[in-house]
Amino acid sequence: MSETPDLSVVVHGRNVQDLLPPLLDSLDAHPLTGVEVIVAAVGDWARETAERHTPAFTVLPLPDGAGDAAARSAGAARARGRWLHFVHAKDGLPPGAPHTVAQHAAGLPDTVDVLLFDHVRGSWRVSGLPSPDGPRLARAGRAEEGLALDDRAALLRLTPLLGNRVVRAGFWQAHERLLTTEDEPFAAYAALLLADRVACLPHPAYEDHRLRPESLPPPTPAQRYALVDRYETLLCLAADRPPVRAVLYDLMVRDCLRTFARAGMPDDVAREFFRRASVTAQRHRPEGHRRPAGLEGVRRSLLEEGAYTEYRALQAANHARRGVRSAVRTGRRRAGTRLRALQYRGALARPVDPHLAVFSAYWNRGVACNPAAIAAELAELAPSVHPVWVVTAANAALLPPGTDHVVPGTRRYWEVLARAKYLVNNVNFPDAVVKRPGTVHLQTHHGTPLKRMGVDQLPFPAAAHGLNFQALLERVDKWDYSVSANGHTTRMWQRAYPSRHISLDHGYPRNDVYYTAGAAEVRAVRERLGIAPGRRAILYAPTHRDYEAGWTPRLDLAALADQLGEETVLLVRAHYFYESASAPSTPFSPSAPSSTSAPSSTSAPPSPSAALAGLRRTGRLVDVSSYEPVEELCLAADALVTDYSSIMFDYANLDRPIVIHADDWETYRTTRGVYFDLMAEAPGPVARTQAELTEILTTDAWRDARAAKARTAFRRRFCEYDDGRAAERVVRRVFLGEDERTLPPVLPIEDRTPAPSPEEATAS
């Protein structure tokens, strides 16, 4: 057994919004002399994250339902350190903090039970903000023998976190029954009340990461009332300590008034909360206690007297005054949209139509992607629900015959958005759309994330430029459901879009076709594309670069087609952010590099555009940038070549070869940010240059055993829920209200049969 460490850092809890990795990475970055790390990991995600750091850390796997108190207790039971530091999995530790705390704690006498220190604050938007605790800690002094709380009762005003204090292990064991509670502020206060002496370190050694309230479950009435119960117990613990009791009383009244004013509780809950707070305030008000002057004193007086009606009247008057000021500030801004607002408000006053659903995809481009697959299944399972698609005027002519649709900005557009019970989109509806009670907003997304999304784009200026993240989160807060194709996606959406939406781990409906299509469908698509039987079709689908102003050709398509030979057809699809492939700034732009493999000649080589035109005439190169749906292109292709596009995750369902062409991986990773290392976890061989890509495609490397092994691992991770019945599960859950436990179970990947390959389809 190694020497007893000075400090045990007990990391505990779930991997909330994927905040655990940076915490563990920071702890693992430098040797921690005299410090041990124990991770009480709640749930599979936290366990998987923590185990990447073994054997440096001790990992205690705990079931998904384990609470924070149980996790802290389990971690403390395994700890060997003289001091315990409880660090929540969502929080952080500044560089060097464990060493600083351990060093300071090691020099304290045994009479000191708690060491307090400063912290910084963070959120989804910022990190490293100073706390208000530093000056209070500095004023308390750094007496080596420690301080008695009765002499420094103001220390109770420090932010009540277990993370901004360490406790002596023996002290924790003596009081564990009282300190082991889900109410962390109670445990933080109680540790001070129970300590013989405390010491102070005016140095930031913790980061409190505040989660968005909108991402947390709304508190129940019982949880609201528990705030009053917390202070009732604490005040009883301090009954014979007047200075301590006076500070606790002020804290109780402050917290109760803030909760009452800001929590937005229903009237019956608010009335009961006010009553309980009033009773406790009257019971524990210290003798001779003086209220502050001004409005705050009036509020406290009304609470202590139980004057609920009078307090509500005061609150309403304050709201009215603020409302008048706000209206004056925003009046001019709203004038320009008054007519639209009047029409929309009129529609909002009418009842919600339970048989109306609004669908949109790709910023109103047409019937496509997950919304299209859901709408098709809806027609089969719930034909009483009428779908209306939002489509731009330019794309309306391309809709399937008979598609009911509205054009953005029209009167009927605002009417259906106001009255529809169901709103389905693979992006977001406009900010002006109101989330009405009883309506259901279904976010289907349009891919599995490799690149950073949502608030995770904040550290990457090329991706974040021009984005209003607060407005984004306000749109996200309207989601009721979020569709996911795999556990990775579910987890990344939790961190990228922190809100209360429910994840539908049912698979992407657009991918159902990869299991339901047969040989006839595969042959029919290839015939429409002009691909002769026996020819190899390679789909090339690169993605958008945020760091580029327009399309930059990454391959010499003419040279590639020439080297692959006449039996290979290139299906080239530009990202939808660009115009059709025949327009400038596309893979077919005349600015594309010319062939470097043309033989030497006294005559000038053909121009790039002429070479491409020739290939297109012979059918060896097909521009499929505007072809819809993209799923049919995947069915037609023998193999996929892409870079960082999410099409790779969908195509993997077919269990066909995938080749990654990553000529700018380092630039892309640095400027856009990614969630995993594609170079290490690619679904097939990786080419960093065109020469390497050509080598892969002209040998068996694109489909050999090594490529198949990589593809199998990739499919298991990223095709987790896609089995051909995703749309059915989504419709039954969202539109028919069926319980998740009664839905068709996801078929294990080894039991699934993808659509036949083109070779198999031709042979059948």
Could you pull out the closest heavy-atom pair between [X] and [Y], with the gap in Å?
X      : Y      : answer
Ala682 : Ile660 : CB-CG1, 4.1 Å
Val269 : Pro221 : CG2-CG, 3.9 Å
Cys369 : His446 : SG-CB, 3.7 Å
Ser484 : Thr490 : OG-OG1, 2.7 Å
Ala662 : Met679 : CB-CE, 3.6 Å
Tyr508 : Ala485 : CD1-CB, 3.6 Å

Would the distance check show the side chain of [X] and the main-chain N or O of [Y] forming a donor-acceptor pair, the cut-off being under 3.5 Å?
X      : Y      : result
Arg121 : His209 : no
Thr670 : Glu666 : yes
Ser645 : Thr642 : no
Asn426 : Tyr362 : yes
Arg573 : Leu633 : no
Arg752 : Leu747 : yes

So how far is it from Asp722 CG to His506 NE2, rounded to the nearest 0.5 Å?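 Reported to 0.5 Å precision, the distance equals 12.5 Å.
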Between atom CD of Glu548 and atom OG1 of Thr667, what is the distance when rounded to the nearest 0.5 Å?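 The CD atom of Glu548 sits 9.0 Å away from the OG1 atom of Thr667.
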State, yes or no, whether a side-chain contact exists between [X] and [Y] at a heavy-atom distance under 4.5 Å.
X      : Y      : answer
Pro21  : Asn15  : yes
Leu640 : Leu654 : no
Leu555 : Asp663 : no

Tyr668: which residues meet the ring pair (Phe, Tyr, Trp, His ring centres under 6.0 Å) condition with it, sequence neighbours left out?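 In terms of ring pair (Phe, Tyr, Trp, His ring centres under 6.0 Å), with neighbours along the sequence ignored, Tyr668 is linked to Tyr644.
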Looking at [X] and [Y], does any basic side-chain N land under 4.0 Å from a carboxylate oxygen?
X      : Y      : result
Glu415 : Arg419 : no
Arg711 : Asp655 : yes
Arg733 : Glu740 : yes
Arg672 : Asp546 : yes
Arg715 : Glu720 : no
Asp68  : Arg14  : no
Asp643 : Arg545 : yes
Lys90  : Glu207 : no
Arg725 : Asp723 : no
Arg510 : Asp650 : yes

Under 6.0 Å from the ring centre and within 45 degrees of the ring axis: does the NZ or CZ of Arg717 meet both conditions for the six-membered ring of Phe649?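 Output no; distance or angle outside limits.
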What's the verdict on side-chain hydrogen bond (donor to acceptor under 3.5 Å, both in side chains) for Thr444 and Asn425, showing C-alpha distance, side-chain angles and the deciding distance? CA-CA 6 Å; Thr444 73; Asn425 209 328; over 6 Å; no
Under the salt bridge (charged side-chain N to carboxylate O under 4.0 Å, His left out) test, which residues partner Arg475, sequence neighbours left out?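 Per chain and number, Arg475 pairs via salt bridge (charged side-chain N to carboxylate O under 4.0 Å, His left out) with Asp431.
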Which pairs count as ring pair (Phe, Tyr, Trp, His ring centres under 6.0 Å) when at least one residue sits in residues 448-480, sequence neighbours excluded?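 Listed by first then second residue: His445-Trp479, Trp479-Tyr497, Trp479-His501.
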Restricting to pairs with a member in residues 406-430, which pass ring pair (Phe, Tyr, Trp, His ring centres under 6.0 Å), not counting sequence neighbours?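 Found Tyr344-Trp414, Tyr422-Phe735.
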Residue pairs fulfilling salt bridge (Lys or Arg N to Asp or Glu O under 4.0 Å) with at least one residue in residues 483-509, sequence neighbours excluded: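 Checked against salt bridge (Lys or Arg N to Asp or Glu O under 4.0 Å) - neighbours excluded - the pairs reaching residues 483-509 are Asp18-Arg495, Glu48-Arg491, Asp456-Arg495.
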Atom pairs and distances, side-chain donor-acceptor, residues 381-392, under 3.5 Å, sequence neighbours left out:
from   : atom 1 : to     : atom 2 : distance (Å)
His386 : NE2    : Asp404 : OD2    : 2.6
Thr392 : OG1    : Asn395 : N      : 3.4
Thr392 : OG1    : Asn395 : ND2    : 3.1

Tell me whether the count of non-hydrogen atoms from other residues, nucleotides or ligands lying under 6.0 Å of CZ in Arg412 goes above 12.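 More than 12 within 6.0 Å, yes.
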Checking salt bridge (Lys or Arg N to Asp or Glu O under 4.0 Å) for the pair Arg212/Asp477: CA distance, chi angles, key distance, verdict? CA-CA 11 Å; Arg212 292 186 71 233; Asp477 289 339; 2.7 Å; yes
Evaluate side-chain hydrogen bond (donor to acceptor under 3.5 Å, both in side chains) for Tyr481 paired with Gln443, printing each intermediate quantity in order. CA-CA 6 Å; Tyr481 297 106; Gln443 171 59 247; over 6 Å; no
Donor-acceptor pair between Asn653 and Tyr515 side chains, under 3.5 angstrom: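 Yes - a donor-acceptor pair under 3.5 Å links their side chains.
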In terms of side-chain heavy atoms, does Gln470 have a donor or acceptor partner in Arg125 at a distance below 3.5 Å?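 Distance-only check passes for Gln470 and Arg125.
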